[in-house]
Amino acid sequence: MNALHEQPAAGDEPAGGPAGAPVGGPVDGSAGARGGGPGALEAPADPHAGPGAAPGPDPDDTDSGADSEFEYAWDSRQDLYRHSPAIMLGRAARLGGSLVGGDQHGVSGGQVTGDVILGGSKVEYHLGGDSEERSGEIPATEVEQLARCFVFPPRAADAGAVTGEPAAHTGTPHGEWEPGSPFDVALTRLRQHRVTVLSGPATTGRRAAALMLLRAVGGTAYRALDPALSPGRLTGELREGCGHLVADFPTTAERPLREHHLRALSERLHAVGGHLVIVVGPHPVVHGDDGHVAWRPPEPAALLRGHLRHKDLAGHDIDDLLARAEVRSVLGHRRPVAELARFADRIAEYARGALSLTALAGFGHYAAERQVREWFDSTEQSLHDKAFLIALATFDEAPYPLTAELSDVLFGCLQRIENPGEPARIPVFGTSSAQRVEHARADRYQEAEETEWGPVLQTKVQFRDPLTAITLLREVWTGHPSSRPALVAWLRRLADDPRAVVRTRAASTAAVLAQTDLPSTMALLIRPWALERRPRARLAAANALALAHHLGAPHVPRILRSWCTTNDHRLRRAAVRTYALVGDAFPREAVEALLEAARAMDARGGPVRTWPDELDELAQSAATLLLATGQDAGACEAGGAAAELWPALVPLTRGGTARDFVLRAVVHACGPTDGADGTGRPLLLDLFGRAEATAGTPGGLLRQSLAALWRSVLNDPLCSGSGLEAMRRWVRAAGDDPEAERALVELLPLLTVSVEDTKRLAYLLENLRDGGDPAPLAVALRLRGTLFPPYAWTAPAPRPVP
């Protein structure tokens, strides 16, 4: 039975007894378990708990006993914001260039993260005679044209000493390189040994850097060698007086570039008067003392400036063009060098008036779409690789092991569509994590992940371009519809996962799909989730609709309004929880819908025993969205949602179902705090304290309304026990928070309209204890003085630091 019905009737002794004590004697236990935890249903002292116990399983739901998990509305909202990708809710991206959390990720300073591009090269075997031409000329004009736009990278701050004499600076019109920079180190080795190995990801302009190295040593003729040649056969392809380039040369543990290969090449190159640059991936297997030079490109702005310096800009200054917000947004992270070259062409077109500012601002979306289509149109990438890309789009900014684990699950679903008669073969020790992350143009970084046990340091992965994840999911859903059955089955499995971050990411992916294709996503994912018996699935539907509204999906308020009053109790509960998650985006409409749903309970009929539970869920959602509206700086001012919504609740306390709904909402709003696990200042008390106290102002009306609602709670026979317990928590919170104590000093006199009111609160404050200490709390005794004016409050002296 709901605990509300265990309180005394209106005609019995007033709540609190003669001395104002709560029913059953004083309850001084600390706040209970966090909502949704294992003991939440049995913890009446839970800071979230409303009047009586939390709602249990739905008696109408025949399968509800199989999943008795319950999560309070405020906790659901906190989990949604904690586990959703940054771009969903407008938070700033954590990555700036290649610097993440103080650690360098990328190709710099000799420390490289990442690996070769998947499927970037092919090894061919030829049996018998070999008459195929294995090299080709690179026109010198092409190299000179490239030199016009080439930008030399600066020396890394953490670069070590360079072995050998530094290369001389080149005083050409095309710029100079710094001593100790990657270019300088590679050029020094090229001049000494005639051969150098340049490593780096394929998108960093490493091939252009190799050609500039050959040009810097005085080369005038250039040849490209076949990267499929074995290391031992490269010497046979060297030509006299030429600069040679081997691009995308594959090196593995089975096919390493050994010291004797490099020495043989050096010997041959000295004999023919040539030079050779071997371009390899970011994690090459190179043996020998010299090893390889890690190529690190300049910053995106410097690269863009280099491409613009020789373009017709119609008199516009380069600095002015680079300062535009539309350009800065594209330069917010490292991009492929070829992509920046295309962007420079767009900027030049804009400067000449041939391109609109809107089209220029859309380059980021264009680049993301182009990259995604290249990934999925490629026949060189395996289905396993593409499954990883989809999983990474779903789990962007999430731990890498989680992404890799669930990408294998998706691969199995896709495999059953592509080859239904063949079981999925997942390579247990296949491609390295660095290789997969580099192929996806992503970065790994260390960050603490919030768990129910506290923060845990995790290795996370994030696309370098924040637009990639959403673009990729949209492309898969609309551009490759044959993948939909596998994607739907995968997301349904994720929505039932015991890990909160997995369930939230399933919902966030569904939100992206809903923003792209609302009818299909509602039919295949969100509505089936809402109709599930398990609360987890219904919460996934609520999360998906909330995030879809944040992304701009149409008709979400209309869907919620229709679900909130439908006869299907599962759809109703999904809608009610969604209002808690996103109702602050349209607070007036949300509160009206919840109030309408509460009033509709009488007309709808059905089993009366389920009404308290459903009414409690409605009140929780109302409390959550009301608290959310109060977090804004202007919430207490004229026009602020909090300043208008809370006063509108006061007339509803006169009677009927609306009164029960409002009082429960007030009690639930007393629980959440600004700290973890019920610590910190209560949010509703903070709202009261921030409101202006002057009578006649919106803040003054808000204060009077909150006090009137509190008086209604404390004088209600069903809610007074929960209200007094909430007041105990507030007083305890004020013990270490002078601002909270000041707010209580101003609130308590507003609650003592009658003698009985004063006795009740005085009894509570006199008998409030902290654990086993028999002495009353000092803050409680100070607050008791406010009940008997005249009283002048002074801030307590600060506690000495131990």
Side-chain angles (χ1 to χ4, degrees), residues 36 57-58 61 63-64 66-71 73 75-85 88 387 390-399 402-403 405-414 452 469-470 473 476-477 483-518 520-551 553 556 559-560 563 568 570-578 580-582:
D58 187 347
D61 203 335
D63 249 9
S64 62
D67 189 347
S68 59
E69 291 186 5
F70 178 82
E71 186 173 50
D75 291 334
S76 297
R77 182 183 176 87
Q78 298 298 95
D79 284 343
L80 179 65
Y81 277 74
R82 182 183 300 120
H83 297 304
S84 295
M88 293 283 181
I390 298 172
L392 182 55
T394 297
F395 291 95
D396 193 30
E397 304 174 31
L402 191 66
T403 305
E405 169 201 339
L406 296 173
S407 75
D408 288 341
V409 177
L410 176 59
F411 170 61
C413 297
L414 293 169
E452 57 185 303
I470 289 180
L473 294 174
V476 171
W477 188 253
S483 67
R484 285 189 177 185
L487 196 58
V488 168
W490 184 62
L491 291 174
R492 287 181 177 176
R493 174 168 175 170
L494 299 188
D496 197 39
D497 194 279
R499 293 163 289 193
V501 63
V502 177
R503 299 194 301 268
T504 304
R505 292 313 182 90
S508 67
T509 300
V512 174
L513 306 183
Q515 195 271 340
T516 306
D517 179 10
L518 182 66
S520 294
T521 309
M522 286 295 297
L524 297 176
L525 281 172
I526 297 179
R527 186 177 174 88
W529 277 340
L531 291 170
E532 280 273 3
R533 293 185 175 92
R534 296 185 303 276
R536 281 181 185 173
R538 294 200 291 265
L539 182 57
N543 286 337
L545 285 172
L547 292 173
H549 184 75
H550 278 293
L551 289 174
V556 171
I559 293 169
L560 297 180
W563 282 9
D568 192 304
R570 297 189 185 102
L571 290 179
R572 289 201 307 272
R573 291 193 166 185
V576 168
R577 182 52 55 97
T578 308
L581 304 176
V582 75

Note to self: Restricting to non-hydrogen atoms, name the atom on Leu414 and the atom on Ala387 that form the minimum distance, rounded to 0.1 Å.
What the structure shows: CD1-CB, 4.0 Å
Item checked: Short side-chain to backbone donor-acceptor contact, Thr504 and Val501, under 3.5 Å -> no
Checklist line | Partners meeting side-chain hydrogen bond (donor to acceptor under 3.5 Å, both in side chains) with Ser407 (sequence neighbours left out) | finding: none
Checklist line | Nearest-0.5 Å distance, CG of residue Leu571 to CG of residue Leu560 | finding: 11.0 Å
Note to self: Give me the atom names and distance for the closest heavy-atom approach of Ala540 to Ala495.
What the structure shows: CB-CB, 4.0 Å
Item checked: Reported CD1-to-CG distance for the pair Ile470 and Leu551, which is rounded to 0.5 angstrom -> 5.5 Å
Item checked: Donor-acceptor contact below 3.5 Å, side chain Arg538 vs main chain Ala574 -> no
Checklist line | Results of side-chain hydrogen bond (donor to acceptor under 3.5 Å, both in side chains) for Arg493 - residues two or more places apart only | finding: none
Notebook entry, point to check: Okay, side chain of Arg536, backbone of Asp496: is any donor-acceptor separation there less than 3.5 Å?
Noted result: yes
Note to self: Quick check for you: to the nearest 0.5 Å, what is the distance between Arg505 atom CZ and Leu491 atom CG?
What the structure shows: 13.0 Å
Checklist line | CZ on Arg570 to CG on Leu531, rounded to 0.5 Å | finding: 7.5 Å
Margin query: As an exercise, state the distance from OG of Ser520 to CD1 of Ile526, rounded to the nearest 0.5 Å.
Written below: 11.0 Å
Notebook entry, point to check: So do Leu545 and Arg577 actually touch side chain to side chain, heavy atoms under 4.5 Å?
Noted result: no
Next item on the list: Can you see which heavy atom on Trp529 is nearest to which on Ala510, and at what distance?
Entry: CZ3-CB, 3.7 Å
Margin query: Quick check: do Val502 and Glu405 have side-chain heavy atoms less than 4.5 Å from each other?
Written below: no
Next item on the list: Say whether, by atom type as modelled, one donor and one acceptor occur between the side chain of Trp490 and the main chain of Leu406 under 3.5 angstrom.
Entry: yes
Checklist line | Side-chain heavy-atom pair Trp563, Arg527 within 4.5 angstrom cut-off | finding: yes
Check: Which pair of non-hydrogen atoms, one from Leu410 and one from Ala486, has the smallest distance, and what is that distance?
Finding: CD1-O, 4.3 Å
Check: Quick check: does any side chain N or O of Arg503 sit under 3.5 Å from a backbone N or O of Asp497, one acting as donor and the other as acceptor?
Finding: yes
Item checked: Under the side-chain hydrogen bond (donor to acceptor under 3.5 Å, both in side chains) test, residues paired with Ser483 that sit two or more places apart -> none
Next item on the list: Mind listing the closest non-hydrogen atom pair of His550 and Val582 along with its distance?
Entry: NE2-CG2, 4.1 Å
Margin query: Is the shortest side-chain heavy-atom distance between Ile559 and Met522 below 4.5 Å?
Written below: yes
Next item on the list: Kindly compute the distance separating CG (Leu581) from CG (Leu539), expressed to the nearest 0.5 Å.
Entry: 7.0 Å
Check: Closest heavy-atom contact between Ala541 and Ala530?
Finding: CB-N, 3.6 Å
Item checked: Test side chain to side chain contact (heavy atoms under 4.5 Å, CB included) applied to Leu473 and Leu487, Thr516, Thr509, the passing residue -> Thr509
Notebook entry, point to check: Counting only N and O atoms by type, is there a donor-acceptor contact under 3.5 Å from the side chain of Arg492 to the main-chain atoms of Leu525?
Noted result: no
